[in-house]
Amino acid sequence: MLSLIVFLPLVGVLLCALLPQRFDFAAKWIALVTTVANFGLAAWMFIAYGRGEGILLEKQILWIPQIDVYYHLGLDGLSFPLLVLSTLLFVLAVVASWKIDIKPRLYFAMLLLLSLGLNGVFSALDLVLFYVFWEIVLVPMFFLISQWGGLRRRYAAMKFFLYTFLGSVFMLVGIVALHHFTGSFNMIELRELAPAFFAGDGSLWSLQWWIFLAFFLGLAVKVPIFPLHTWLPDAHVQAPTAASVLLAGVMLKMGTYAFLRISVPILPDAFQTWQLTLGILGVVSILYGAIVAFAQTDIKKLVAYSSVSHMGFAMVGIASGTAVGFNAAMAVNISHGLTTSMLFFLVGMIYERTKTLKIAELSGIAAQMPRFAGFFCFAAFASMGLPLLSGFVGEFLAVLAAWQSPVLPPIITILTGIGILCGGAYMLWLLQRSIFGNPSALVEGKKDLNLREISVLTPLAILVVVIGVYWHSLLQYTDPFALNLVKLIGG
């Protein structure tokens with residue numbers, strides 16, 4: 001079943017490729033059927049098996065016997081929620097892309113190929129297989145930005161590819177080093193083999209420290225952590241709406257996911273040496289992203305910088321080294337995937353109507369488009385961490401984890417709390433400038449959200465409320481993994 005979820009999008013890719021040119025319009029239906037089936041299977045598996053502990057739905061077949069590489073898949077409380085989030089967002093991305101008429105076969109084929117790569121990343125338990133899926137993700141996102149993006153799309157696509165590919169090369173060095181010293185690519189086995197081999201060897205400049213650095217450089221670009229974030233605003237601004245949604249909603253989670261899957265449990269001594277550094281970089285990302293977001297005049301770039309700030313909360317949670325912090329990182333991953341996807345969908349919808357992203361030219365939306373304004377205010381409040389909405393869960397847990405951590409100093413907790421205030425400030429400033437006031441010339445006379453657009457936003461809004469009100473709906477899945485991870489690192 002898990003293999004079917006991973007590779008079902010490949011069937012859709014092949015069908016799109018085989019379509020005669022005169023049937024281009026059918027590509028969106030192929031993509032919709034494929035992604036709905038994928039999400040339905042993932043959701044059913046999550047309901048049936050998601051509460052189990054340890055590795056679930058595991059499949060292991062020898063793939064490359066000469067170097068002991070396995071086709072090894074499995075899910076747990078870390079990856080299962082992300083897999084379901086990914087499959088849901090791809091359904092909504094296809095619906096939101098319904099009007100695409102430029103090379104539709106290639107466009108929807110690239111969406112489906114991206115789905116294959118992301119599903120594989122969250123399912124793979126062999127480092128070589130993981131790396132293959134990790135690299136697959138780069139190709140369709142590069143084409144989505146370069147072919148269907150804005151005026152500077154080729155520059156943004158090349159910058160995205162070079163940054164993330166260079167980071168991946170460092171990660172590959174770390175993978176090879178781990179195999180050289182332990183003889184295994186199995187992520188589960190490496191939790192015991194690597195700490196035993198490197199026992200007590202996580203100090204500064206030690207071998208384990210350098211391997212952790214190699215993984216850090218590959219993963220920090222993906223999160224992204226300051227100062228390795230500069231590719232993100234350009235990619236977001238130039239990407240088409242669906243690509244922006246998937247980039248923020250799913251792809252950024254690859255970095256924090258891999259920290260929790262690989263770096264922390266496999267290299268625990270080095271992680272303890274790195275904890276303070278990760279905490280400092282996390283809080284710098286929070287404050288830097290919020291301050292720069294406040295200075296933006298482009299609504300899409302503001303939301304892009306808000307992602308840098310929000311993912312900083314996940315890094316502070318990871319840096320704490322506590323079960324509360326690991327739960328915080330996973331809650332931020334899911335909530336940010338929901339709220340920022342809503343914001344990027346809404347930004348795309350207003351751009352379709354006004355052909356501008358300038359905040360100063362979008363005033364008075366509420367008077368002309370009340371349904372749009374309602375969803376936008378809701379997404380903004382969730383993004384800024386308003387209680388009873390999902391954003392509050394991860395941010396509250398991150399602050400609590402920073403306070404409880406024996407490694408992070410109190411100033412990290414204080415600055416993390418200030419970061420929450422900064423997030424509220426730039427979002428309220430955005431609402432004041434764009435939603436309220438008298439309608440601008442570009443907003444005047446524009447139609448409100450239609451049924452298709454409302455159907456894209458409503459599932460996300462429902463999940464934001466469910467998680468925000470009933471925290472257990474998410475934490476019951478993530479907490480067993482978090483507690484086990486604390487045991488693995490000797491906490």
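Bear in mind the structure is a predicted one, so any value in this text is a computation, not a measurement.
Side-chain atoms of S320 and Q404 include no donor-acceptor pair closer than 3.5 Å. Residues S3 and K59 have side chains that never bring a donor and an acceptor to within less than 3.5 angstrom of each other.
Minimum interatomic distance between K300 and H236 (heavy atoms only, all atoms of both residues): CE-O, 2.9 Å. Of all non-hydrogen atoms in S306 and A293, the two that sit nearest each other are N-CB, 4.3 Å. Contact detail for P81 and L474: the closest heavy-atom pair is CB-CD1, 4.4 Å. Shown here for I467 and V393, the closest heavy-atom pair between the two residues is O-CG2, 3.7 Å. Nearest heavy-atom pair across L287 and C422 is CD2-SG, 4.5 Å. Shortest non-hydrogen contact noted between S307 and T340 is OG-CG2, 3.7 Å.
We find the CG-CG distance between N119 and L114 to be 9.0 Å, quoted to the nearest 0.5 Å. Between L78 atom CG and M330 atom CE the span is 6.0 Å, to the nearest 0.5 Å. Within the model, atoms CD1 of I418 and OG1 of T413 stand 11.0 Å from one another, a figure rounded to the nearest 0.5 Å. Within the model, atoms OG of S383 and CG of L338 stand 11.5 Å from one another, a figure rounded to the nearest 0.5 Å. From L88, atom CG reaches atom CG of L460 across 6.0 Å, with rounding to the nearest 0.5 Å. Considering CG of L483 and OG1 of T322, their distance stands at 10.5 Å, rounded to 0.5 Å.
When side chains are defined from C-beta on, I136 counts as touching L116, because their heavy atoms get closer than 4.5 Å. Here the side chains of M384 and L428 are in contact, with some heavy-atom distance below 4.5 Å. The shortest side-chain heavy-atom distance between V465 and F378 falls under the 4.5 Å cut-off. Taking 4.5 Å as the limit, every side-chain heavy atom of L162 sits out of range of all side-chain heavy atoms of W231. Between L415 and I286 the shortest side-chain heavy-atom distance does not fall below 4.5 Å. Contact annotation: the side chain of L127 approaches that of I262 to within less than 4.5 Å [non-hydrogen atoms, C-beta and beyond]. Between L118 and F90 there is a side-chain heavy-atom pair separated by less than 4.5 Å. L57 has its side chain within reach of M1: a pair of non-hydrogen atoms, C-beta onward, lies under 4.5 Å apart.
Formation of a donor-acceptor pair under 3.5 Å by the D126 side chain with backbone atoms of Y70 is found in this model. For the pair S405 (side chain) and A401 (backbone), a donor-acceptor distance under 3.5 Å is absent. Under the 3.5 Å distance criterion, the side-chain polar atoms of Q272 are matched with a main-chain donor or acceptor of I489. Between the S184 side chain and the L190 main chain, no donor and acceptor come within less than 3.5 Å of each other. No donor-acceptor pair under 3.5 Å is formed between the side chain of S86 and the backbone N or O of L82. For the pair S309 (side chain) and G289 (backbone), a donor-acceptor distance under 3.5 Å is absent. Of the possible polar contacts, one joining the Q208 side chain to the A270 backbone as a donor-acceptor pair under 3.5 Å is found. Using a distance-only test at 3.5 Å, with no hydrogens or angles considered, a donor-acceptor pair links the side chain of T182 to the main chain of L178. Judged by distance alone, with hydrogens and angles left aside, the side-chain atoms of K253 form no donor-acceptor pair with the main-chain N or O of V223 at under 3.5 Å. With hydrogens and angles disregarded, a donor-acceptor distance shorter than 3.5 Å links the side chain of T87 to the backbone of V84.
Taking the six-membered ring for Trp, F185 and H72 have ring centres at least 6.0 Å apart. The six-membered or imidazole ring of Y426 lies away from that of Y305, with a centre-to-centre distance of 6.0 Å or more. Ring centroids of Y257 and F122 are separated by less than 6.0 Å, placing the two rings close together. Checked against a 6.0 Å centroid threshold, the rings of H336 and F313 do not count as neighbours.
The environment of F143 atom CZ is sparse: at most 12 non-hydrogen atoms of other residues, nucleotides or ligands sit within 6.0 angstrom. A 6.0 Å sphere centred on CZ of F7 holds more than 12 heavy atoms belonging to other residues, nucleotides or ligands. Heavy-atom neighbours of E58 CD from other residues, nucleotides or ligands within 6.0 Å: above the threshold of 12.
The ring-ring contact (aromatic ring centres under 6.0 Å, His included) check on F294 picks up W429, with sequence neighbours excluded. Not counting sequence neighbours, K301 has no partner by the salt bridge (Lys or Arg N to Asp or Glu O under 4.0 Å) test. The salt bridge (Lys or Arg N to Asp or Glu O under 4.0 Å) test applied to R261 returns D76, not counting sequence neighbours.
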Decide side-chain contact (heavy atoms from CB on, under 4.5 Å) for L111 and L144; before the verdict, give the C-alpha distance in whole Å, the side-chain angles of both, and the deciding distance to 0.1 Å. CA-CA 8 Å; L111 279 185; L144 286 169; 4.0 Å; yes
Worked verdict on F130 versus M171 for side-chain contact (heavy atoms from CB on, under 4.5 Å): CA-CA 11 Å; F130 172 85; M171 184 172 69; 4.1 Å; yes
Stepwise side-chain contact (heavy atoms from CB on, under 4.5 Å) test for L246 and L89: CA-CA 7 Å; L246 297 170; L89 289 181; 4.1 Å; yes
Audit row: F181, L207, side-chain contact (heavy atoms from CB on, under 4.5 Å) steps and yes/no: CA-CA 10 Å; F181 292 109; L207 180 60; 3.4 Å; yes
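The aromatic rings of F161 and F142 sit perpendicular, their planes meeting at an angle over 60°, well past the 30° parallel limit. Using cut-offs of 30° and 60° for the angle between ring planes, the F271 and F326 rings count as tilted.
The only member of V137, V6, N38 that meets side-chain contact (heavy atoms from CB on, under 4.5 Å) when paired with S115 is N38.
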